[in-house]
Number of protein chains: 2
Amino acid sequence: MKPPREKWRKSFSEWFHDVLFRAEIYDYRYPIKGTGVWMPYGFKIRRKLLEIVREKLDSTGHHEVLFPLLIPEDMLSREGEHIKSFEREVYWVTRGGEEELGVKLALRPTSETAIYPMFNLWIQSYTDLPVKIYQVVSVFRYETKATKPMIRVREVTTFKEAHTAHATAEEAEEQVREAVQIYKEFFDAMKIPYVISVRPNWDKFPGAEYSVAFDTVMPDGRTLQIGTVHNLGQKFAKAFDIKYMDRNGEFSYVWQTCYGISERVIAALLSIHGDDHGLVLPSEIAPIQVVVVPIPYKGRDDEILAESRRIYQELASAGLRVIIDERKEITPGSKFYDWELRGVPLRVEIGPRDVDKGTATLVRRDNLERATCGKEEVVEEVRQLLRRIDEALSERAWSWLREMTSKAYDVGEAKRIIKEQGGIVEIPWCGKAKCGMELSELVDADLLGTPWDEEVEVDGSCVVCGAKASTIARAARAY
Amino acid sequence: MKPPREKWRKSFSEWFHDVLFRAEIYDYRYPIKGTGVWMPYGFKIRRKLLEIVREKLDSTGHHEVLFPLLIPEDMLSREGEHIKSFEREVYWVTRGGEEELGVKLALRPTSETAIYPMFNLWIQSYTDLPVKIYQVVSVFRYETKATKPMIRVREVTTFKEAHTAHATAEEAEEQVREAVQIYKEFFDAMKIPYVISVRPNWDKFPGAEYSVAFDTVMPDGRTLQIGTVHNLGQKFAKAFDIKYMDRNGEFSYVWQTCYGISERVIAALLSIHGDDHGLVLPSEIAPIQVVVVPIPYKGRDDEILAESRRIYQELASAGLRVIIDERKEITPGSKFYDWELRGVPLRVEIGPRDVDKGTATLVRRDNLERATCGKEEVVEEVRQLLRRIDEALSERAWSWLREMTSKAYDVGEAKRIIKEQGGIVEIPWCGKAKCGMELSELVDADLLGTPWDEEVEVDGSCVVCGAKASTIARAARAY
């Protein structure tokens with residue numbers, strides 16, 4: 001039995017709003033546009049996700065810190081490109097109590113300008129380097145475009161930003177690679193497929209030398225940026241005067257990088273694996289991995305419940321995140337509905353026949369297939385099935401991304417694919433900014449950039465100027 | 001050998017600023033008054049503390065959630081007493097980008113008015129009750145008084161607030177007791193001593209029926225409020241129209257409570273256990289419980305290092321949070337200084353004599369006493385010593401609180417004790433507000449309130465009006 005994925009794909013926006021609300025992930029009815037509330041079940045998913053991120057960052061020598069929310073106007077303006085890009089979307093605090101503030105305070109749109117003045121104080125000598133820190137905070141953007149829960153919001157409540165400083169350009173370059181590797185492993189754990197692109201020069205992070213970005217394809221064919229890694233070179237170091245003394249007593253500016261992910265990862269996680277029944281969660285992230293549901297049968301309810309509890313205990317003792325649903329007031333069917341909606345990877349049903357035969361019935365959330373196993377093998381069978389579900393989710397997600405990636409050798413074809421199918425279209429490009437910007441207009445899509453650190457086969461000529469193509473441009477309608 | 005506690009007590013303010021900076025806890029040089037940066041080591045202490053809080057709340061049926069920072073002005077004003085108390089210290093966002101906002105947005109000073117409009121949506125029927133949620137967020141107060149790191153700040157970066165709703169007044173009352181019990185266990189784990197008082201009616205939380213507060217005594221004799229529990233009755237339920245349908249189809253307002261702790265707990269933790277060498281951390285909260293320091297000796301460095309590493313491995317395998325300090329460029333003395341400053345509870349030294357005799361030298365941070373044990377017993381000995389250190393910290397802290405608690409039977413005596421010794425003075429009181437406020441002025445101190453749920457012996461007469469005392473008033477200079 002294949003789970004239905006039609007509604008999921010055809011009316012994604014509706015599906016997404018609906019599932020966030022009904023699965024108790026994120027309540028978007030808070031009375032400020034573009035802000036929402038993480039509800040208990042959603043918060044548990046968020047917590048798991050952050051546990052994994054923290055583990056990956058801590059084990060690679062990053063230290064968690066916490067900086068203030070407010071940034072004085074003069075600090076925010078210190079780096080020219082940076083402020084130019086953010087000034088139109090910054091929230092400003094101008095009053096404290098009944099007083100007008102002397103200096104306007106910005107709600108952080110991102111924290112470079114909050115953190116780097118402290119780097120100026122913390123970094124004196126080469127022995128202080130490298131510095132590798134991160135924080136998980138809310139960031140604020142006064143979005144004027146249409147907002148969408150978790151995807152385009154005014155308060156991004158889950159922003160993990162890392163900031164590093166190094167003695168040499170090479171070490172900063174190496175750090176970019178480490179960050180990309182960390183994010184790859186992280187998205188792999190979420191079973192989220194991605195392409196990695198170097199953003200076009202006109203679309204890099206304001207203040208960066210270059211930006212590397214992870215994009216995935218959402219069910220409606222639009223791409224979603226789910227992570228970025230920036231090589232900042234020495235631009236901020238010069239703006240904030242961050243220097244260190246080397247072994248010879250000479251002073252040099254540090255080399256910096258920063259990289260971030262946000263709750264958009266959760267939006268991708270929920271959307272890419274979901275189906276018409278609701279969420280489907282990979283086992284590592286699922287707050288509940290297994291739900292045990294007793295199937296009542298006239299006159300035998302006590303033995304069924306006893307056996308269900310025994311199996312529940314066994315799974316719990318084995319370290320699995322398991323619950324037992326003993327609610328009396330609703331039918332097993334309603335219970336199935338509830339836990340399928342919430343994406344619990346595996347359901348264990350215990351009915352009278354299971355008690356008689358000494359078996360358990362296991363139902364996979366990803367494909368809704370049923371299987372039976374002997375009661376002695378439940379723990380082992382559950383472990384195996386969770387692994388198989390994770391593999392299947394990963395395979396399905398990556399084949400979705402492949403399906404949604406096309407090649408086009410002229411503008412008309414590229415435009416048609418983007419309009420009719422969506423996804424990512426790879427187009428031969430000479431690499432010049434002028435042609436790139438024109439291409440973006442001609443195909444009516446965003447340019448995600450060019451492949452990062454990949455062997456790509458470039459054939460054909462630039463679809464704009466006709467010169468020999470030196471790379472491929474990835475075009476897509478991006479969120 | 002007793003550790004010196006003189007500087008700690010006599011110039012506490014200086015000690016506190018100094019230790020926060022040198023032990024890399026909290027950098028208070030961020031360029032906005034009353035805000036600071038949690039540095040890596042400080043953040044690790046904060047993380048441990050929050051782990052313990054979360055574990056206690058999760059295991060008592062609380063669910064973590066996350067609400068937006070911003071509160072529209074009309075929502076913040078909904079409950080009359082509440083807004084009156086906060087309006088003078090709220091930060092207001094009035095601009096987004098280049099636009100003036102139509103409705104001013106407050107940075108949350110606390111979240112009742114953000115959360116309860118959602119309770120209005122979430123709570124429909126008695127089956128939805130009780131609701132028990134909490135969040136860990138930053139809250140903002142535009143303090144006009146002198147600020148002090150972690151104790152009186154403009155951005156409180158670590159505010160754990162819990163909010164509950166119940167069907168009956170009795171259940172809300174029961175919830176107050178549960179909250180007090182949770183906080184008791186939490187402070188006990190931190191080895192922080194406390195008194196629990198019902199705040200005077202004129203000093204309760206704005207919008208509450210009554211407030212219960214935990215106070216401790218800081219090294220300078222001033223008290224610090226480290227936790228509060230409020231019975232909100234139905235005031236907010238009426239202001240935000242939070243009703244539920246009971247079993248008979250009748251609608252009633254819910255009964256609510258809320259309770260909070262902040263980073264002030266960390267200020268208390270660091271201050272109360274500290275000494276002239278720096279921090280002293282209880283083992284449960286210490287990011288590093290044991291540091292192994294090899295003591296080099298000419299010609300024998302390799303065997304000393306090998307034995308140190310072996311013991312380090314053994315402690316790590318036993319699940320202890322242990323590090324080994326192998327730095328070559330500094331002396332063992334400097335290492336001792338570093339880790340004593342950071343409050344690591346136990347140091348293991350391995351020198352040539354330890355290698356010869358098959359022993360290890362253990363040094364307790366709390367009293368700097370040295371002991372030797374056989375190398376086979378290191379893990380067991382470390383475990384025992386950590387337990388003993390925790391007991392000693394708890395005993396020392398509670399005896400400090402007892403020392404700093406006095407009784408006084410007239411205004412002059414009370415005033416003198418508060419001025420000369422500080423701490424808490426217990427004074428017979430008739431319980432009337434008029435006398436209480438006058439008492440507070442006469443003894444030139446704050447009234448913490450009356451003992452909560454304690455058998456207290458009341459003797460004598462009210463020191464203000466001379467009537468028979470019905471309770472005791474706790475007076476102190478509070479932070």
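Here is the naming used below: chain letters follow the sequence lines, and residue numbers restart at 1 for every chain.
- Heavy atoms of Thr157(A) lying under 4.5 Å from chain B belong to its backbone as well as its side chain.
- Contacts from residues 66-76 of chain A to chain B, taken as heavy-atom pairs separated by less than 4.5 Å, involve Leu66(A), Phe67(A), Pro68(A), Leu69(A), Leu70(A), Ile71(A), Pro72(A), Met75(A) in sequence order.
- Both the backbone and the side chain of Ala114(A) come within contact range of chain B, each with at least one heavy atom under 4.5 Å from a heavy atom of that chain.
- For CZ of Arg22(B), the number of neighbouring non-hydrogen atoms (other residues, nucleotides, ligands) closer than 6.0 Å is greater than 12.
- Only the side chain of Glu155(A) comes within contact range of chain B, judged by heavy atoms closer than 4.5 Å.
- Within the 4.5 angstrom heavy-atom criterion, only side-chain atoms of Asp58(A), from C-beta onward, approach chain B.
- Of all the listed residues (Thr158(A), Val137(A), Leu107(A)), the one sharing the greatest number of non-hydrogen pairs under 4.5 Å with chain B is Leu107(A).
- The only member of Thr94(A), Val90(A), Val93(A) that meets side chain to side chain contact (heavy atoms under 4.5 Å, CB included) when paired with Arg95(B) is Thr94(A).
- For a heavy-atom cut-off of 4.5 Å, chain B lies close to Arg29(A), Tyr30(A), Pro31(A), Ile32(A), Thr35(A), Gly36(A), Val37(A), Trp38(A), Met39(A), Pro40(A), Phe43(A), Lys44(A), Arg46(A) in residues 29-46 of chain A.
- With values rounded to the nearest 0.5 angstrom, Glu329(A) atom CD is found 8.5 Å from Thr127(B) atom OG1.
- By the 4.5 Å heavy-atom criterion applied to side chains, Trp122(A) and Asp27(B) are counted as neighbours.
- Comparing Glu64(B), Lys104(B), His63(B), Met118(B) by how many heavy-atom pairs each has under 4.5 Å with chain A, the most go to Glu64(B).
- Using a 4.5 Å cut-off between heavy atoms, Thr144(A) contacts chain B through its side chain alone, with no backbone atom that close.
- At a 4.5 Å heavy-atom cutoff, Gln135(A) makes no contact with chain B through either its backbone or its side chain.
- Residue pairs satisfying the ring-ring contact (aromatic ring centres under 6.0 Å, His included) criterion with at least one member in residues 82-114 of chain A, sequence neighbours excluded, are listed as follows: His82(A)-Phe86(A), His82(A)-Phe205(A), His82(A)-Phe236(A), Tyr91(A)-Tyr142(A).
- With sequence neighbours excluded, no residue forms a side chain to side chain donor-acceptor pair (under 3.5 Å) with Tyr126(B).
- Proximity to chain A is limited to the side chain of Arg47(B), based on heavy atoms less than 4.5 angstrom apart.
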